[in-house]
Amino acid sequence: MFGSLPSFAEGSYKIAIIIDDLGNSLSKGKQLINMPYQMTYAILPNRPYSEKLANMAKNSGKEVMVHLPMQSSQPQDLGD
């Protein structure tokens, strides 16, 4: 019906898990970073523990990305 399957459908599968909004809680961030899985951590800039958690994740061999907030539709302080 659809012809041949795309090449990615024939081999192994991958899933990406991104843990979002780290930087406000040190204890919760540590728990997530210490999980024994290869995940990516999106860290909010200029939050109380952003730099510490980013360094911790990087030193643990985890992937880190910046979560750059856009303008909120809610009246929330997203920081600088």
Side-chain angles (χ1 to χ4, degrees):
M1 177 174 178
F2 293 108
S4 63
L5 292 173
S7 62
F8 67 83
E10 298 170 5
S12 63
Y13 299 97
K14 294 182 182 181
I15 187 167
I17 299 174
I18 300 173
I19 305 298
D20 200 17
D21 293 346
L22 275 81
N24 286 311
S25 171
L26 184 60
S27 62
K28 290 178 183 178
K30 281 182 175 181
Q31 287 179 327
L32 291 164
I33 291 167
N34 289 326
M35 293 179 73
Y37 309 107
Q38 189 60 37
M39 295 187 279
T40 298
Y41 299 89
I43 300 180
L44 290 162
N46 301 317
R47 300 285 87 194
Y49 304 104
S50 299
E51 188 172 348
K52 186 173 194 121
L53 291 170
N55 286 326
M56 182 183 298
K58 180 184 174 200
N59 292 335
S60 298
K62 307 290 177 91
E63 184 173 49
V64 177
M65 57 191 268
V66 64
H67 177 143
L68 190 58
M70 305 302 270
Q71 184 174 357
S72 176
S73 61
Q74 305 296 317
Q76 297 173 338
D77 176 22
L78 299 177
D80 297 335

With heavy-atom distances below 4.5 Å as the criterion, would you say the side chains of Leu32 and Tyr41 are in contact? yes

Do Leu26 and Leu53 have side chains that get closer than 4.5 Å, going by heavy atoms? yes

What distance separates Met39 CE from Ile33 CD1, expressed to the nearest 0.5 Å? 9.5 Å

Rounding to 0.5 Å, atoms CD (Gln38) and OG (Ser60) come to a distance of 10.0 Å

Contacts of Asn24 meeting side-chain contact (heavy atoms from CB on, under 4.5 Å) (sequence neighbours excluded), chain-then-number -> Leu44, Arg47, Pro48

Taken in chain and number order and not counting sequence neighbours, the residues that satisfy side-chain contact (heavy atoms from CB on, under 4.5 Å) with Ile18 are Thr40, Ala42, Met65

Where is the tightest heavy-atom contact between Pro45 and Ser50, given as atom of each residue plus distance? C-OG, 3.9 Å

Are the side chain of Tyr49 and the backbone N or O of Ala54 linked by a donor-acceptor pair below 3.5 Å? no

Say whether, by atom type as modelled, one donor and one acceptor occur between the side chain of Lys62 and the main chain of Tyr37 under 3.5 angstrom. yes

Could you please spell out the steps behind the side-chain contact (heavy atoms from CB on, under 4.5 Å) verdict for Asp21 and His67? CA-CA 7 Å; Asp21 293 346; His67 177 143; 2.9 Å; yes

Report yes or no: do Ile17 and Leu22 belong to one cluster of Ile/Leu/Val/Met/Phe/Trp/Tyr joined by side chain heavy-atom distances under 4.5 Å? yes

